[in-house]
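To start, the structure itself, in structure tokens.
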Amino acid sequence: MKKFVLKREEPRLRPEDYSIPYSDLLNKQQLEAVFHDKGPALVVAGAGTGKTRTLIHRVARLVESGIDPSEILLLTFTRRAANEMIQRASSILDERCKRVKGGTFHFYCSQILHRYVEFIGYPNNFTIIDTADALEIIQFVRTQLNLNKKKERFPNKNTLYSIISTCKNKHLDLRVVLMDSYPQFINLESKIEKVSEGYEQYKERNFVMDFDDLLIKTTELLEQHEDIRIKVAGNHRFVMVDEYQDANKLQAKLTVLFSSVHGNVMGVGDDAQSIYSFRGADHQNIMEFPNLFAGTKIIKLEENYRSTPEILTTANNLLSQATYKFDKHLYSKNSEGDRPALVKAPSEHDQSRFISQAVIQLREQGIELNDMSVLFRNGRDSFDLEVELNRKNIPFVKYGGQKFTEAAHIKDVLAHIRVMVNPMDTIAWNRVLMLIDGIGPKSAQDLFQWIRLSSNPYQLDMSESVSKSYLKQIKSLSKLLVNIKDSEHTVSETVELIVEYYRDFCEKRYDDYPKRLKDLEAFINISLGFVSLEKMLEELALDPITASAVDTEQKQKDEPPLVLSTIHSAKGLEWEHVFIIQCLDGILPSAYSIEDDAQLDEELRLLYVATTRAKKMLYYSYPALAQSAYGDYFTKPSRFLDQLEDNSLEVWQLMEEGQEELEEGKNNLLNN
């Protein structure tokens, strides 16, 4: 027998060994991150330093080095971000990059749970509920416990959901969460505990999971079943987590579990942009990364490609005020510009006049409206400005609004799809049945009891509890559901049938139904891209669509609009000119944060994020006089701006037309 010895291929470790000219495309720090090979690494990527570019090239470099793409896991905080990165990696290398596993923690956990569903006590057709559905369930449980009729004040459904979710995301006991954030409800601890228990029991009984459950149950699965953990983590030769500063405790733990076999994990993020603690994100996670993964190599990206040196000087000076951070210094080779402006307006309305007139002036100089943005701490901070922009006929769009799949008419259609996938989904049935005239909560509950025991839950007209007053409508609904169940329709055909059935309800319920029907037509087109109802429900829950015809139709008739946005919604975006309004102590930082160093640090990071959105020019503004329920009062500018060095900002004085000539005349008289 002859033998042929296969030689080991030498690993490619140098940039010159590859087809992509990495050394020409990346700076020294980016190159170091891209060519980091084995073991843990943390890439601390300052704002505008090419974080995404670095990740894309690392994916391409790993694939080109011979790593099986399916053994690379890229976790991001939106599905869209993962898809775009993988698409861009494919464009600079080849189609192999499309086999990289990419998505959000929630999406990837959902895939794992479906794969090992027999170990978690759920059927394979479990459905994922969004926040709005979770709130409905909590309200249902609250009502069942008669807590809505108590004489003493009891937390509403939004507060209860926030309490329950915080306990899960931050791994905290209920008492700790109440004492820290809701001390006014500490005497209601046992009753809130009952709501939480009822909420969990409801989900298990009806085979639904919320977003927190996806993370919790995956963590439990991997911790309790060693063989499954080894199998799952063994398939992850390399794990990369984007926006690691936004991870919560559960996601940090999952990162450890996913990388527990090979140990090749890279976190990429910016501690200075950790601004989502209200969603459960924990600034500590990125700071503790080197302790969590022994031997972590820290790589800092500090060359900024977005902003002028003057804007970066201000950003660095802001960040120097933070107490708990990675030391880094942003710099740029971009052309010099003007120092950021500090604009003190006499009143909030004068601030709005300044913004609107400055926007018009910049537009006349050739800068498009959508190359400018106005950022603020809270949605209400822009109300006066919105009135002034409308008065000046300046088109604008405001970010931070409702998502497409959260709109009532879309949720109605989705509810019909959910009962087809999971006939035990009470909340979906409730929404479907309550559309029908004559059916109230009691009738819907009676029907659901019948559905739970029926061999054919969609033949609703066979139920003895059906009243003659709405029998005709129930027969119409039954005909629709049985048709969908018994016939082999495509996903889009199913959605079209439901939309056609729902059309009458839409026209009766909404004055703006023509716009809503356009949304439903768009929904039919969206459904063409799915091969199963289950997959469509899962993807729409985990990665909801943002815009709808109701929100955007009018705006599309004008030029691309000026952008108004909360700072939280602006993260990751950039504009030529950025106005940051209401830079007042008590607003930025929030009055609620002033007694808490950790919260005060997050408020500082919020202003840092807003500052680093600007490419060419930045304007901080605040009114000298503000209004409250108790009358007018004199304000203080944000303490963060107060502490900036004198060379960071240029003070602008607002003057009424004609006042300049008057001031000049006074000066001439004094000089003479």
Side-chain angles (χ1 to χ4, degrees), residues 106 109-110 113-114 116-145 147-148 157 160-161 164-165 168 193-218 220-221 405-406 411-436 439-460 463 465 477-478 481 484-485 498 532-542:
H106 295 98
C109 286
S110 173
L113 292 176
H114 276 103
Y116 297 103
V117 73
E118 67 270 23
F119 294 92
I120 62 171
Y122 270 66
N124 197 44
N125 67 333
F126 72 82
T127 47
I128 300 166
I129 57 172
D130 62 15
T131 302
D133 297 321
L135 291 172
E136 282 190 47
I137 295 171
I138 287 171
Q139 183 61 26
F140 173 77
V141 172
R142 189 176 182 271
T143 304
Q144 291 288 97
L145 293 169
L147 294 170
N148 58 323
K157 61 183 179 182
L160 288 166
Y161 178 72
I164 293 167
S165 186
K168 291 179 178 179
E193 185 72 51
K194 285 183 180 178
V195 174
S196 180
E197 289 170 358
Y199 175 60
E200 297 305 320
Q201 290 165 5
Y202 180 98
K203 289 184 293 176
E204 289 177 11
R205 191 168 63 247
N206 292 283
F207 309 139
V208 298
M209 290 190 203
D210 63 21
F211 294 157
D212 294 330
D213 293 328
L214 296 173
L215 305 183
I216 291 166
K217 292 186 184 299
T218 303
E220 291 172 349
L221 175 73
T405 44
E406 290 173 353
K411 286 191 74 66
D412 287 343
V413 171
L414 282 170
H416 290 77
I417 298 169
R418 280 170 51 189
V419 300
M420 296 309 307
V421 170
N422 177 10
M424 294 297 106
D425 191 337
T426 317
I427 290 297
W429 271 117
N430 202 55
R431 193 170 191 113
V432 167
L433 294 171
M434 295 271 282
L435 287 171
I436 295 173
I439 295 185
K442 177 67 171 65
S443 302
Q445 185 64 24
D446 292 343
L447 272 167
F448 186 70
Q449 291 303 325
W450 179 86
I451 288 165
R452 189 178 279 280
L453 300 171
S454 174
S455 58
N456 186 352
Y458 304 115
Q459 196 70 58
L460 295 163
S463 169
S465 65
L477 175 60
S478 298
L481 300 179
I484 293 170
K485 184 68 177 174
I498 294 169
S532 72
L533 294 175
E534 293 86 346
K535 196 70 178 171
M536 182 174 73
L537 283 179
E538 181 178 66
E539 295 211 10
L540 290 178
L542 295 174

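For the single chain, residues carry numbers from 1 onward in sequence order.
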Set out, in order, the CA-CA distance, both residues' side-chain angles and the distance that settles side-chain contact (heavy atoms from CB on, under 4.5 Å) for L113 and F126, then state yes or no. CA-CA 10 Å; L113 292 176; F126 72 82; 4.2 Å; yes
CG on L214 to CD1 on I128, rounded to 0.5 Å: 5.0 Å
Would you give the length of the straight line joining atom CD1 of I129 to atom CD1 of I427, rounded to the nearest 0.5 angstrom? 8.0 Å
Close side-chain approach of L460 to I451, heavy-atom, < 4.5 Å: yes
If the condition is ring pair (Phe, Tyr, Trp, His ring centres under 6.0 Å), which residues does F207 pass it with, not counting sequence neighbours? none
Rounded distance [0.5 Å steps], OG in S110 versus CG in L542: 5.5 Å
Show the numbers, then the answer: is there a side-chain contact (heavy atoms from CB on, under 4.5 Å) between F448 and N430? CA-CA 8 Å; F448 186 70; N430 202 55; over 6 Å; no
Interatomic spacing from CZ in R205 to CD in E200 - rounded to 0.5 Å: 12.0 Å
Shortest non-hydrogen contact from Y199 toward V141: N-CG2, 4.0 Å
Residues S443 and I439: closest non-hydrogen pair is CB-CG2, 3.9 Å
Heavy-atom donor-acceptor pair, S196 side chain to I164 backbone, under 3.5 Å: no
So, T143 side chain and Q139 main chain: donor-acceptor pair closer than 3.5 Å or not? yes
Tabulate below the donor-acceptor pairs under 3.5 Å that side-chain atoms of residues 412-421 make, not counting sequence neighbours, or state none.
| from | atom 1 | to | atom 2 | distance (Å) |
| --- | --- | --- | --- | --- |
| D412 | OD1 | R431 | NE | 2.7 |
| D412 | OD1 | R431 | NH2 | 3.4 |
| D412 | OD2 | Y502 | OH | 2.6 |
| H416 | ND1 | D412 | O | 2.8 |
| R418 | NE | D425 | OD2 | 2.9 |
| R418 | NH1 | D133 | OD1 | 3.1 |
| R418 | NH1 | D133 | OD2 | 2.8 |
| R418 | NH2 | D425 | OD1 | 3.1 |
| R418 | NH2 | D425 | OD2 | 2.8 |

Point-to-point distance, once rounded to the nearest 0.5 Å, from CG of D213 to SG of C109: 11.5 Å
Step-by-step side-chain contact (heavy atoms from CB on, under 4.5 Å) determination, L540 to D130: CA-CA 9 Å; L540 290 178; D130 62 15; over 6 Å; no
What pair of heavy atoms forms the shortest contact from W450 to P457, and how long is it? CZ3-O, 3.9 Å
Could you walk me through whether E534 and E538 pass the side-chain contact (heavy atoms from CB on, under 4.5 Å) test, one step at a time? CA-CA 6 Å; E534 293 86 346; E538 181 178 66; over 6 Å; no
Salt bridge check, E197 against K194: does any charged N sit closer than 4.0 Å to a carboxylate O? no
State whether the side chain of N422 and the backbone N or O of N206 hold a donor-acceptor pair below 3.5 Å, judged by distance alone. yes
Determine, for K411 against E136, whether the closest basic-nitrogen to carboxylate-oxygen distance falls under 4.0 angstrom. no
Are the side chain of W429 and the backbone of P423 linked by a donor-acceptor contact shorter than 3.5 Å? yes
Closest approach of G440 to M434 (non-hydrogen atoms, all atoms of both residues): C-SD, 3.4 Å
Determine whether D212 and K203 satisfy the following criterion, salt bridge (charged side-chain N to carboxylate O under 4.0 Å, His left out), listing intermediate values before the conclusion. CA-CA 12 Å; D212 294 330; K203 289 184 293 176; over 6 Å; no
Within this structure, what is the NZ-OH distance for the pair K217 and Y122, rounded to the nearest 0.5 Å? 4.5 Å
Side chains of L433 and L477: does their closest heavy-atom pair fall under 4.5 Å? yes
